[in-house]
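Here is the structure we will look at.
This one's a predicted model, so the numbers in the text were calculated from it and none came from an experiment. Below, read A as the first sequence line, B as the second, and so on, with proteins coming before strands; counting in each chain starts at 1.
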Amino acid sequence: MSEPIMSQLQDAIVALDAAGARAIAQKSIEDGVDPLEIISGGIRPALDVMGDRFSTGELFLPELVLAAKAADAAVEILEPELLKSGRTGDKLGKVLMATVKGDIHDIGKNIVTLLMKAAGFEVIDIGVDKTGEEILSAVVEHQVGVIGLSALLTTTIPKMNEFMELLQESGGREKYKVIVGGAPVTQEFADEIGADGYGADAPRAVDVAKKLVS
Amino acid sequence: MKQKYALGIDAGGTFTDAVLLDYVDGKVVSRAKALTTPTSPAQAMQAALSKLDSSLLGRVGMVSLATTFATNAIVEDRGAEAGLILIGYNELPPEIPRHTCVLMVAGGHTVSGEEKTPLDLVSVERRLDTFASGLDAVAVAAFFSVRNPEHEEKVAQLIRGRCNLPVVRGHRLSMRLDALKRATTAWWNARLIPLISNLIIASQKVLVENGILAPLMVVRGDGTLMSAATALERPVETLLSGPAASILGAKHLAGLDDALIVDMGGTTTDMAMLSGGKVSLDPQGARVGRWKTHVEAVKVRTIGIGGDSLIWVNSEKKLTVGPRKVVPLSVMADQHHEIVDMLRLVLKYMETRKRPARLGNPCCFYIKSAIAGGHLKQLSVYLNHGPASEFLIIKESGNVFAGRELELFEQNGLLVRSALTPTDIRVASGRLNFGNREAAIVALDVFSQYLGMTEADLAESVEEEIRKRLCLEAIAYIGDKNDKALCKIVDRWFQPKVGGKSEDVALEVSVSLKAPVIGAGAPAAICLPDTFSRLRTRCVIPEAYDVSVAVGSVVGMVDYTLPGVIRTSDSGRFTLHTDAGKEDIDTKHEAVVRGQRILESIARERMKQDHVSNPLFDFTVKEKKVRTGHGDEILLELELRLRTTGRPDISRQIENRFSPIGKKLL
């Protein structure tokens, strides 16, 4: 019964139509469709499709951002419903997301944040241009289990390494799982700085996070 | 060569051991053992030396001391009164006891060595008088001092200038990250300085009195050597030096390259793995009891069970062995024969069931320690004429004193405690032959009456408890310590006997240890073969098994690795971080050259202090580069390492002595 709504929502996101996505989400609530089902069956596959197209070069970043915004619009409508019904998916724990100091790019981080939420994580997004100390104090304050760090610039990824060292110096290395991502980040880099995981793209970042908390 | 022997000494345990090793062919030419006098390690050292072949002592070219002093102090939570100054910390190291004098002040650096917060020297200055009057030593640790030691140095300088106290700086002991562990390491180093200095001064005196003028070395936790002068600055590095030396000794004596080495001493039992002839180091740093440190040391599991462990009954009425160490009754009664009569008196009370209400342990005896002085107040009445029984003190004082209070006096070092131990049980049965056997026999009788079991059952229960703990610990050390199923299986082998015989078990699972076990330490021959047959493995007990630590102490060499790191700074220059501090340098090449020069000069200085005149240097640079997703390469850091090795010069006679006593004698 919810099948048409799912594919409508997917189409809207793929067409980068935020207003459409919002309207379809609204309609799904009125029809009494489970919001969680909408997120996992409608939004998530649409972002997967877009993510794949981006990976193969079919799509450019601005389009991916617009798709994310469209998805975000739908999530905005669905989120209160999710909270109302007391179901925010399988409770997978808390994730803190941040873009490191010197880097103000938040697109990648926002997509990961969205997918993390859709997967059932509670996400605390502290934004961009954050120093290691700021990230660490938020980590302690919110008692998260997973830390996700993002960077887009070659010049800022060393900050990820510095954060790992700050974590070690503070005696917290064993308490948290750290995943890193962003265009310049590679698996080799993640291994070298001793991160627990690396997401080549947003869906994979979520998979890695899931594995780390399981 | 005139000087052809190395003298290895193992001090601090129940026995003090000494061996003479031929420096050229590595053979043990003479060995001796003497009971350690708890109040005076020097006395035992002298006793052991006088049992060695005296004609060879004049040809000793090097002396090396392995000691469980530091390890025991930490296990038993003993040490000098040390303050701890934390700079730029948000929290205290979790294990530091509450009553410790801790001062937390603003300061500290960032990951790149920039000042995070200005140093609050005023707060330190305000407390200097308290430090000077109440402390024996001070440890200073600053956040990210490994990237910039400036704040630690400033505070240390201030204290040195104003108080006559040893000051320990965190970065000098460890260049690893983890501010809390570094602080713990520095604090224990400070606590150990007075203890180690007493031991070294006493050892020097004994050596000089025996005409031995060779350099004195001390074994470090990784089995390498440092001079006594270095040990006075870095006593915490002697942590686990006993086990490390034991592994090297056991390897040397047994000629095996792969084995589980189990060294059972008086206080503890240590397990360590030897694989491919190499000692495995703990990548996280030495862990002793509940303490985690940054000390480079063998990966060893220390268990609070040894020949002299206290046998007691815990709050769940379970027979327990250790972790507290006491003087075995057979040993104390050797000097104080009246203990036998007192034990008989206790036995009489036990038989008539007139037990005092607050009785702790019926076999406990106390004597005043050398430092007791007037601290004991009313208690002195009972202790002025030699040892007193806990049972009788409680009874005669009309329950004014409880067993627990006496224990506290012991923990503060005012009393020395003697009680029933596994050693006594073995002396009573005749398996061990020393000390006062009668005292052991009566004590066993008293304790078995106390528990309502026969002497034979008590003796067997104690041995089984030890075997069980050792099996469980071996499994936890080698395998997965969280493997509950495995532990349950082992636990079942040791089910208490019901009515004197084991329950019939139709099925039994066995667990096999693949590697052979090399046993070391005095109780090894009695205790270990029966234990490890349960794990279906061979237990090798080499000929000189009871002096393996002393042997191992002379087979090591001086071997340090000094680290440094070079990072690109935000301004595009290069920042060099070493033990000597932080420096900004224009080019990578210059930074490497400068780094090598600094490390070599530190190493040369230390090797000189460690009596090595021709050290070998091995300098390596590892570039940590990674290719990014954009296809370019970035430099994360340059890791500098200077490894320096060498053997202490054995023909040389040393000129520096630490104590005024030594100088006078020379």
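To the nearest 0.5 Å, atom OG of residue B:S112 and atom CD of residue A:E165 are 10.0 Å apart. Rounding to the nearest 0.5 Å places NZ of B:K624 at 5.0 Å from CD of A:E192. Here CZ of A:R173 is found 12.0 Å from CG of B:D178. Values are rounded to the nearest 0.5 Å. To the nearest 0.5 Å, the span separating CG on B:L636 from CD1 on A:I193 amounts to 7.5 Å. Separation of atoms OG (A:S170) and CG (B:L180) is listed at 8.0 Å; rounding is to 0.5 Å.
Residue A:L167: no heavy atom, backbone or side chain, is found under 4.5 Å from chain B. Contact of B:K625 with chain A is made through the backbone alone, with heavy-atom distances under 4.5 Å. With a 4.5 angstrom heavy-atom cutoff, B:F143 touches chain A via backbone and side-chain atoms both. Both the backbone and the side chain of B:R627 come within contact range of chain A, with heavy atoms under 4.5 Å apart.
Contact check on A:E169 versus B:R176 returns no salt bridge, with no Lys/Arg side-chain nitrogen under 4.0 Å from an Asp/Glu carboxylate oxygen.
Within the 4.5 Å cutoff, the side chain of B:V111 has no heavy atoms near those of the A:F163 side chain. With contacts defined as side-chain heavy-atom distances shorter than 4.5 Å, the pair A:V185/B:T628 does not qualify.
Taking 4.5 Å as the heavy-atom cut-off, the residues of residues 176-184 of chain A that approach chain B are A:A183, A:P184, ordered by number. Along residues 141-156 of chain A, the residues that come nearer than 4.5 angstrom to chain B, judged on non-hydrogen atoms, are A:L152, A:T154 in order of number.
Put simply, of B:E91, B:E637, B:R147, the one with the most heavy-atom pairs under 4.5 Å next to chain A is B:R147.
Within 6.0 Å of NZ on A:K130 lie more than 12 heavy atoms contributed by other residues, nucleotides or ligands. Under a cut-off of 6.0 angstrom, the local environment of NZ in B:K582 is crowded, with over 12 non-hydrogen atoms contributed by other residues, nucleotides or ligands.
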